[in-house]
Asks: 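Sending over a structure as structure tokens; questions will come in a sec.
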Amino acid sequence: MSWGTELWDQFDNLDKHTQWGIDFLEKYAKFVKERIEIEQNYAKQLRNLVKKYCPKRSPKDEEPRFTSCIAFFNILNELNDYAGQREVVAEEMGHRVYGELMRYSHDLKTERKMHLQEGRKAQQYLDMCWKQMDNSKKKFERECREAEKAQQSYERLDNDTNATKADVEKAKQQLNLRTHMADENKNEYAAQLQNFNGEQHKHYYIVIPQIYKQLQEMDERRTIKLSECYKGFADSERKVIPIISKCLEGMILAAKSVDEHRDSQLVIDCFKSGFEPPGDFPFEDYSQNIYRTISDGTISTPKQEGMRIDSKTTVGKAKGKLWLFGKKPKGPALEDFSHLPPEQRRKKLQQRIDELNRELQKETDQKDALIKMKDVYEKNPQMGDPSSLQPKLTETMSNMDRLRMEIHKNEAWLSEVEGKVAARSDRRHSSDINHLVTQGRESPEGSYTDDANQEVRSPPQQHTHPNEFDDEFEDDDPLPAIGHCKAIYPFDGHNEGTLAMKEGEILYIIEEDKGDGWTRARRHNGEEGYVPTSYIDVTLEKNSKGS
């Protein structure tokens, strides 16, 4: 099966076919290019998606690492790797398929052009031989007709009795000349015909078959190249399938790593305040005045209405928020973290102490290394000057002293917090035994003061409200104001012993914050209670207006 023998007369069709083959090759190359662009855009969009949903937090951010969040972040990392594999597919297709196709297409065009030019030259040479043969044939034919005319003229004159001998001789010479020229043209025509037949045989049996064979081989190589590119197109993606499978397996493992119990514990660790739940409301005996007689010798005075807590305020509906008092106070972060609830404060202090201990260990290791290096320099002066290490050693010692002081200070704050938590636990235990007895001066939600005198200012009385005075103490003066404050944020004051306030309201300060985050305040009408220290702007005065 050869184009040279089967398609010897189909030069134009072979020209069109080979051109179609190159066009098809370039069409497939364009298809691969568009597929590469799709892969690149897909990978880019995946990376943008990962970047959009990746957590944007600083290294010091202490966001809770829930297992569901960690799993999602791991899935994002796997998806980012998956996007990288799509880029690998695009790169492999671009190099192995598209680039190879474009180079081969250029070479194919050059080779096709060369073969077609050879075929046209061979055809032109054969056409030239045919024209030469045809010209010699026509010339021979013309000379034969002329010789025939000369023969007829000679015979007419020879038979004509009136013709002179000179005319007959002249006609005879003309006949001989034409006959001679006809013989020469006959020989020329025979030679041209023989040459043309030889060239034509060579053209159709040697030259053209060779050219068409080269065109056939070129077209078959084009087909083979397309087959290889088809395979390379699939191999480009098949190579990354194991890695993509690992990415998908990583996503499955991330999904399996979600632990709902651990996440629940993280919520507790993150939001636990350390405060105790509010205790039972005491029984308020409003009937005691009925049984009081004049013979008791006690002069009854009306109680200050302002000292009673509104039942709507006391028994208000609790709002289920993560922060103890609803919205987390917007105040500046203090160095000792006293703006935080006890449990969160304890965690922050412990984290800081651990970090300071790590820094201290680094400084200690650096000091030991400097001392060893200094000893080596002292023993071997040629290796270095020992005095050159003294500034760095002094700086390291100074840093160690500073870190020790920081650790000591934070440990003191931590001991204070842990002591208060333990004290609250003891107080709560005693309250469980006899919860009808008031606990002296106790701030809401289990907060308390360290001042022992304040704890026993009012002896325990049954059936009394924490903010009311018994008749036996009606003669006691209320606490004097030691300053005033302005409410920065509104406070609902739903818990027992607290004082509701509005933003911008001015209150008197009657007790400072003892470190538990609460300040005792009084309104102009005499109503008293505790307010969060972080919610107010305190101004202490020596001669402030009292109640």
Side-chain angles (χ1 to χ4, degrees), residues 1-24 107-222:
M1 183 180 64
S2 173
W3 288 4
T5 57
E6 304 292 337
L7 304 175
W8 62 270
D9 57 345
Q10 299 296 320
F11 182 85
D12 293 338
N13 286 330
L14 290 180
D15 185 1
K16 294 178 182 179
H17 173 75
T18 52
Q19 181 62 45
W20 171 87
I22 293 176
D23 292 341
F24 183 78
D107 296 339
L108 202 64
K109 289 179 181 178
T110 304
E111 183 180 357
R112 173 181 174 274
K113 183 178 179 181
M114 180 186 68
H115 293 324
L116 292 179
Q117 285 178 350
E118 290 178 356
R120 290 190 181 96
K121 287 180 180 179
Q123 187 65 41
Q124 289 173 359
Y125 178 72
L126 182 64
D127 292 341
M128 183 188 69
C129 292
W130 180 84
K131 286 181 181 180
Q132 290 178 352
M133 184 272 296
D134 187 60
N135 290 335
S136 62
K137 177 183 177 181
K138 290 178 180 179
K139 190 175 180 182
F140 170 61
E141 182 181 3
R142 186 173 62 252
E143 292 297 330
C144 287
R145 286 197 300 268
E146 292 294 332
E148 186 177 355
K149 289 179 181 180
Q151 178 70 28
Q152 293 174 357
S153 178
Y154 170 73
E155 290 179 354
R156 187 179 63 253
L157 290 174
D158 188 41
N159 294 327
D160 188 1
T161 58
N162 297 324
T164 63
K165 187 176 181 180
D167 291 335
V168 173
E169 190 64 30
K170 183 178 180 181
K172 185 177 181 180
Q173 291 178 358
Q174 185 68 26
L175 175 60
N176 293 333
L177 177 62
R178 289 298 178 183
T179 303
H180 177 72
M181 292 182 65
D183 291 339
E184 287 182 355
N185 283 294
K186 180 180 179 181
N187 295 332
E188 177 68 20
Y189 167 62
Q192 291 295 336
L193 179 61
Q194 185 178 4
N195 179 66
F196 171 76
N197 289 333
E199 293 296 334
Q200 180 176 255
H201 185 275
K202 179 181 178 183
H203 176 82
Y204 288 112
Y205 289 94
I206 299 176
V207 177
I208 286 299
Q210 183 66 27
I211 294 174
Y212 283 11
K213 180 182 179 182
Q214 293 173 349
L215 284 173
Q216 182 179 357
E217 291 175 352
M218 179 196 74
D219 194 70
E220 290 176 352
R221 288 199 308 272
R222 175 191 64 82

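Sequential numbering from 1 along the given sequence is applied to the chain's residues.
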Asks: Take Gln174 and Tyr154, measure what side-chain contact (heavy atoms from CB on, under 4.5 Å) needs, and give me the verdict at the end.
Replies: CA-CA 8 Å; Gln174 185 68 26; Tyr154 170 73; over 6 Å; no
Asks: Evaluate Lys131 against Asp127 for salt bridge (charged side-chain N to carboxylate O under 4.0 Å, His left out), listing each step before the verdict.
Replies: CA-CA 6 Å; Lys131 286 181 181 180; Asp127 292 341; over 6 Å; no
Asks: Okay, side chain of Asn185, backbone of Met181: is any donor-acceptor separation there less than 3.5 Å?
Replies: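 Yes, because the side chain of Asn185 sits within donor-acceptor range (under 3.5 Å) of the backbone of Met181.
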Asks: Can you see whether Asp167 engages Thr164 through a side-chain donor-acceptor pair at a distance of less than 3.5 angstrom?
Replies: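 Side chains of Asp167 and Thr164: pair found under 3.5 Å.
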Asks: Are Lys137 and Asp134 close enough, and set up right, to give a salt bridge (charged side-chain N to carboxylate O under 4.0 Å, His left out), and what steps lead you there?
Replies: CA-CA 5 Å; Lys137 177 183 177 181; Asp134 187 60; 5.4 Å; no
Asks: For the residue pair Ala150 and Arg178, what are the closest heavy atoms and their distance?
Replies: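 Heavy atoms of Ala150 and Arg178 come nearest at CB-CG, 4.0 Å.
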Asks: Please step through side-chain contact (heavy atoms from CB on, under 4.5 Å) for the pair Met128 and Gln124, ending with a clear verdict.
Replies: CA-CA 6 Å; Met128 183 188 69; Gln124 289 173 359; over 6 Å; no
Asks: Looking only at non-hydrogen atoms, find the nearest pair between Gln192 and Ser136 and report the distance.
Replies: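 Nearest pair, atom of Gln192 first, then Ser136: CB-OG, 3.3 Å.
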Asks: Given Tyr204 and Leu126, is the side-chain contact (heavy atoms from CB on, under 4.5 Å) satisfied, shown in steps?
Replies: CA-CA 10 Å; Tyr204 288 112; Leu126 182 64; 3.7 Å; yes
Asks: Do you know which two heavy atoms are closest between Ala122 and Ile211, and how far apart they sit?
Replies: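 Shortest heavy-atom contact: CB-CD1, 4.5 Å.
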Asks: Let me confirm one number: the CE-CG distance from Met114 to Leu215, rounded to the nearest 0.5 Å.
Replies: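 Between atom CE of Met114 and atom CG of Leu215 there are 9.0 Å.
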Asks: Say you draw a straight line from NZ of Lys202 to CD1 of Ile208; how long is it, rounded to the nearest 0.5 Å?
Replies: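 Reported value, rounded in 0.5 Å steps: 12.0 Å.
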Asks: Hey, are Gln19 and Asp23 close enough side-chain-wise for a donor-acceptor pair under 3.5 Å?
Replies: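 Checked: Asp23/Gln19 side chains pair up, N/O donor to acceptor below 3.5 Å.
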Asks: When you look at CD of Gln194, are more than 12 heavy atoms from neighbouring residues, nucleotides or ligands closer to it than 6.0 Å?
Replies: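 Counting other residues, nucleotides and ligands, CD of Gln194 stays at 12 neighbours or fewer.
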Asks: Restricting to non-hydrogen atoms, name the atom on Gln123 and the atom on His203 that form the minimum distance, rounded to 0.1 Å.
Replies: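 Looking at all heavy atoms of both residues, the closest pair is OE1-NE2, 3.1 Å.
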Asks: With salt bridge (charged side-chain N to carboxylate O under 4.0 Å, His left out) as the criterion, how do Glu146 and Arg142 come out once you've worked through the C-alpha distance, each side chain's angles and the decisive distance to 0.1 Å?
Replies: CA-CA 6 Å; Glu146 292 294 332; Arg142 186 173 62 252; over 6 Å; no
Asks: Nearest 0.5 angstrom please: Phe140 CZ to Lys186 NZ, how far?
Replies: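 So the CZ of Phe140 and the NZ of Lys186 are separated by 5.5 Å.
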Asks: Please check if the side chain of Asn197 supplies one atom and the backbone of Leu193 the other of a donor-acceptor pair under 3.5 Å.
Replies: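 Indeed, once roles are kept as given, a pair shorter than 3.5 Å links the two residues.
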Asks: With Thr18, which of Lys113, Arg112, Gln216, His115 fulfils side-chain hydrogen bond (donor to acceptor under 3.5 Å, both in side chains)?
Replies: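 The side-chain hydrogen bond (donor to acceptor under 3.5 Å, both in side chains) with Thr18 is passed solely by Arg112 among Lys113, Arg112, Gln216, His115.
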Asks: Once you round to the nearest 0.5 Å, how far does CD1 of Ile22 lie from CZ of Arg222?
Replies: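 That separation rounds to 8.0 Å.
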Asks: Taking it one step at a time, do Asp15 and Arg120 satisfy salt bridge (charged side-chain N to carboxylate O under 4.0 Å, His left out)?
Replies: CA-CA 11 Å; Asp15 185 1; Arg120 290 190 181 96; 3.2 Å; yes
Asks: Please answer whether the main-chain N or O of Arg156 pairs with a side-chain N or O of Asp160 as donor and acceptor at a distance below 3.5 Å.
Replies: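 Not confirmed, Asp160 side chain does not pair with Arg156 backbone.
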Asks: In terms of the angle between their ring planes, are His17 and Trp3 parallel, tilted or perpendicular, with boundaries placed at 30° and 60°?
Replies: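 Answer is perpendicular, since the angle exceeds 60°.
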Asks: Roughly how far apart are Glu169 CD and Leu157 CG, rounded to 0.5 Å?
Replies: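 Nearest 0.5 Å value for the CD-CG distance: 11.5 Å.
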Asks: Enter the distance from Lys213:NZ to Ser2:OG here, rounded to the nearest 0.5 Å.
Replies: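 Rounded to the nearest 0.5 Å, the NZ-OG separation comes to 7.5 Å.
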Asks: Which atom pair, heavy atoms only, marks the closest approach of Cys129 to Asn195?
Replies: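 Taking Cys129 first and Asn195 second, the nearest heavy atoms are SG-ND2, 4.1 Å.
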Asks: Indicate yes or no for a side-chain donor-acceptor contact from Tyr212 to the backbone of Phe11 under 3.5 Å, with no hydrogens or angles considered.
Replies: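 Yes: the side chain of Tyr212 pairs with the backbone of Phe11.
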